[in-house]
**Q** 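The following block contains the structure, expressed as structure tokens.
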Amino acid sequence: MSQFSEHNFKGEKALVRVDFNVPLNDKYQITDDTRMSAAVPTIQKIIKDGGSVILMSHFGRPKDGPSEKYSLKHLVVHLRRLLNGETVLFANDCIGEEATKMCADLQPGEVLLLENLRFYKEEEKGDETFAEKLSKLGDVYVNDAFGTAHRAHASTAVIAKFFPAEKRMFGLLMEGEVKSAEKVLHNSEKPFTAIIGGAKVSDKIMILENLLNKATDIIIGGGMAYTFLKAMGGKIGNSLCEEDRLGTADEILKKASAKGVCIHLPPDSIIADKFEATADTSDAPSNNIPDGWMGLDIGPNACDQFCNVIKRSKTILWNGPMGVFEMEKFRHGTKAIAKAVAEATDSGAFSLVGGGDSVAAVNQFGYADKVSYVSTGGGAMLEYFEGKELPGIAAIKQ
Ligand code: AMP
């Protein structure tokens, strides 16, 4: 592989895989452009060098070929604005005669956005012929789509083999993601605290198992904590519980103890009489929640205890909220954790926040620029920390 920042794109056509899968409202207006703006530095560097940029992306989940709803043409005007008025052209297809001609005619400094890759079912199937056709459109392949790095699709992984090692590389966004994930998983300074929250134990078993070999402390919060508390003999009322995972929770606790990893569960909880923003609330020990009540946030003692662990950490990984932070009454725990992670970062810790809801939380509470790295790839990040090799990364490095 080649290093993006050291590569000179002068006179080259760079085929850049981006993740422009942004949310649109019913008027085709972009409601959150984070994924688009994240790719801007990569595009700008290529233009500045005197190269041209061919952007390819998936968009939504179209079922039967082309459709208005899933057309990337709705993004062109906004992309032009993000690139300060640079020339942004659009090809109505991602392969074929028109796309080939437009790519061939593209001038240095120009950007061409190809139509949605997923209008071809070959994309998700990782079809070699389709990948080869795409590869012919550019001189150099840049993967800047960390959000799809866990998929072995034609444009994210298979395509890489059609470029020699010195003509395939990560873009700036992907490089940042890979570097920070590698630092946490393979090069962490200890103490290393993983904060894992969210609704379901079943979604987080593999990441917990893998982190047992890496972290010194694991904080478990959110709805998933109650399955652990019940496995330990606690009374959890109506709190979220995956009965079929009680055995798994017990095993994780035993493994942690054997490996000397400290698992922190919330000693107390904010409880509610129903799952509603207007519910009556109280607090209770997390292992003694009255019948008819449910734990919807970590309590004040849990906040203090968790924050102390976080503040003495040198490496922090955070995935998943501590409570139902979407509702005002149950967001205090997640907010307190966000603040503690920001403070630890200020004192020199390296902190990586990833996964849809924890990213939403640090953004909402204003801490996104006070942590070391906010990952853009929910599923990809989770799979990376589960210890899996991501096809999008492997294909560039091979
Ligand atoms: P996940 O996608 O698994 O990371 O879960 C995120 C969701 O978990 C959020 O929508 C939270 O509202 C929800 N959640 C967090 N804590 C709890 C809890 N104690 N009970 C029920 N849901 C929760």
Side-chain angles (χ1 to χ4, degrees), residues 193-205 207-208 217-253 263-310 318-341 353 355-367 378 382:
T193 299
I195 311 160
I196 308 293
K200 288 189 182 163
V201 180
S202 45
D203 291 344
K204 309 278 164 96
I205 291 170
I207 194 171
L208 285 171
D217 295 83
I218 301 180
I219 290 174
I220 300 179
M224 61 185 280
Y226 300 98
T227 302
F228 284 89
L229 289 153
K230 184 158 181 186
M232 290 165 77
K235 196 171 156 281
I236 59 167
N238 283 359
S239 306
L240 213 58
C241 181
E242 287 172 273
E243 295 287 340
D244 58 337
R245 300 295 172 172
L246 289 169
T248 314
D250 190 48
E251 260 172 49
I252 290 174
L253 293 170
I263 301 258
H264 305 268
L265 286 157
D268 57 347
S269 294
I270 302 297
I271 57 171
D273 60 348
K274 46 183 178 296
F275 190 88
E276 274 176 29
T278 55
D280 279 338
T281 61
S282 182
D283 47 49
S286 301
N287 60 3
N288 196 15
I289 297 177
D291 290 339
W293 291 73
M294 62 190 86
L296 293 187
D297 194 7
I298 56 172
N301 295 326
C303 281
D304 286 351
Q305 191 181 311
F306 289 1
C307 290
N308 284 337
V309 175
I310 291 166
W318 182 16
N319 176 283
M322 295 290 101
V324 185
F325 76 104
E326 298 93 335
M327 299 181 198
E328 169 85 52
K329 286 185 178 176
F330 313 112
R331 73 174 49 139
H332 179 77
T334 304
K335 201 172 174 179
I337 294 303
K339 184 165 180 271
V341 173
V353 182
D357 281 315
S358 16
V359 173
V362 288
N363 282 326
Q364 183 180 331
F365 304 137
Y367 292 109
L382 208 58

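Keep in mind that this is a model prediction, so the values were computed, not measured. Basis for what follows: all heavy atoms, side chains included, without hydrogens, waters or symmetry-related copies.
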**Q** Step by step, work out the side chain to side chain contact (heavy atoms under 4.5 Å, CB included) result for T193 and I195.
**A** CA-CA 6 Å; T193 299; I195 311 160; 4.2 Å; yes
**Q** Roughly how far, to the nearest 0.5 Å, is CD of Q305 from CG of L265?
**A**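 CD of Q305 is found 9.0 Å from CG of L265.
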**Q** Between D250 and L246 (side chain of the first, backbone of the second, donor and acceptor by atom type, cut-off under 3.5 Å), is there such a pair?
**A**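 Between the backbone of L246 and the side chain of D250 there is no qualifying donor-acceptor contact (under 3.5 Å).
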**Q** Is there a side-chain contact between H264 and I218 in this structure, where contact means two heavy atoms from C-beta onward sitting under 4.5 Å apart?
**A**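 Answer no - side chains too far apart.
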**Q** How about NZ on K235, more than 12 heavy atoms from neighbouring residues, nucleotides or ligands closer than 6.0 Å, or not?
**A**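 Above 12, so yes.
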**Q** W318 versus I310: any side-chain heavy-atom pair under 4.5 Å?
**A**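 They are not in contact (no side-chain heavy atoms under 4.5 Å apart), so the answer is no.
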**Q** Mind listing the closest non-hydrogen atom pair of Y226 and I289 along with its distance?
**A**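 Result for this residue pair: CE2-CD1, 3.7 Å.
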**Q** Using distance alone, with no hydrogens and no angle criterion, decide if N319 and K204 have a side-chain donor and acceptor under 3.5 Å apart.
**A**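 K204 and N319 do have a side-chain donor-acceptor pair below 3.5 Å.
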**Q** If you define the side chain from C-beta out and look only at heavy atoms, does anything of F228 sit under 4.5 Å from V201?
**A**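 Side-chain contact under 4.5 Å: yes.
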**Q** Do E242 and S202 have side-chain atoms, one donor and one acceptor, less than 3.5 Å apart?
**A**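 There is such a pair between these side chains.
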**Q** Do K230 side-chain atoms and C241 backbone N/O form a donor-acceptor pair below 3.5 Å?
**A**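 Answer holds: no.
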**Q** Taking everything shown except K339 itself, do over 12 heavy atoms lie less than 6.0 Å from its NZ?
**A**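 Check fails, neighbour count at 12 or below.
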**Q** How close do L240 and A199 get, counting heavy atoms only, and between which atoms?
**A**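 L240 and A199 have their closest heavy atoms at CD2-O, 3.3 Å.
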**Q** Do any N or O atoms from the side chain of R331 and from the backbone of V324 form a donor-acceptor pair under 3.5 angstrom?
**A**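 No: the side chain of R331 does not pair with the backbone of V324.
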**Q** Mind listing the closest non-hydrogen atom pair of A360 and F325 along with its distance?
**A**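 Heavy-atom minimum between the residues: CB-CZ, 4.3 Å.
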**Q** Run the numbers on I207 and L382 for side chain to side chain contact (heavy atoms under 4.5 Å, CB included), then give the verdict.
**A** CA-CA 7 Å; I207 194 171; L382 208 58; 3.7 Å; yes
**Q** Given side chains that start at C-beta, do those of D283 and I271 come closer than 4.5 Å, heavy atoms only?
**A**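 Of all side-chain heavy-atom pairs linking I271 with D283, none is under 4.5 Å.
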**Q** Rounded to the nearest 0.5 Å, what separates atom CD1 in I219 from atom CD1 in I337?
**A**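 So the gap between those two atoms works out to 5.5 Å.
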**Q** Taking the side chain from S286 and the backbone from P266, do they hold a donor-acceptor pair closer than 3.5 Å?
**A**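 Looks like yes, one N/O pair under 3.5 Å.
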**Q** Under 4.5 Å between any side-chain heavy atoms of L208 and I196, yes or no?
**A**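 A side-chain contact exists here, since the closest heavy-atom pair is under 4.5 Å.
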**Q** Determine, step by step, whether N287 and I236 satisfy the side chain to side chain contact (heavy atoms under 4.5 Å, CB included) criterion, reporting the C-alpha distance in whole Å, the side-chain angles of both residues, the deciding distance to 0.1 Å, and the verdict.
**A** CA-CA 6 Å; N287 60 3; I236 59 167; over 6 Å; no
**Q** Can you check side chain to side chain contact (heavy atoms under 4.5 Å, CB included) on F275 and N238, steps first, answer last?
**A** CA-CA 10 Å; F275 190 88; N238 283 359; over 6 Å; no
**Q** For the backbone of M322 and the side chain of T334, can you confirm whether one donor and one acceptor N or O come within less than 3.5 Å of each other?
**A**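 Present.
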**Q** Donor-acceptor pairs under 3.5 Å, side chain of residues 291-304 to any protein atom, not counting sequence neighbours: which ones?
**A**
| residue | atom | partner | partner atom | Å |
| --- | --- | --- | --- | --- |
| D297 | OD2 | H332 | N | 3.3 |
| D297 | OD2 | G333 | N | 2.9 |
| N301 | ND2 | D268 | OD2 | 3.3 |

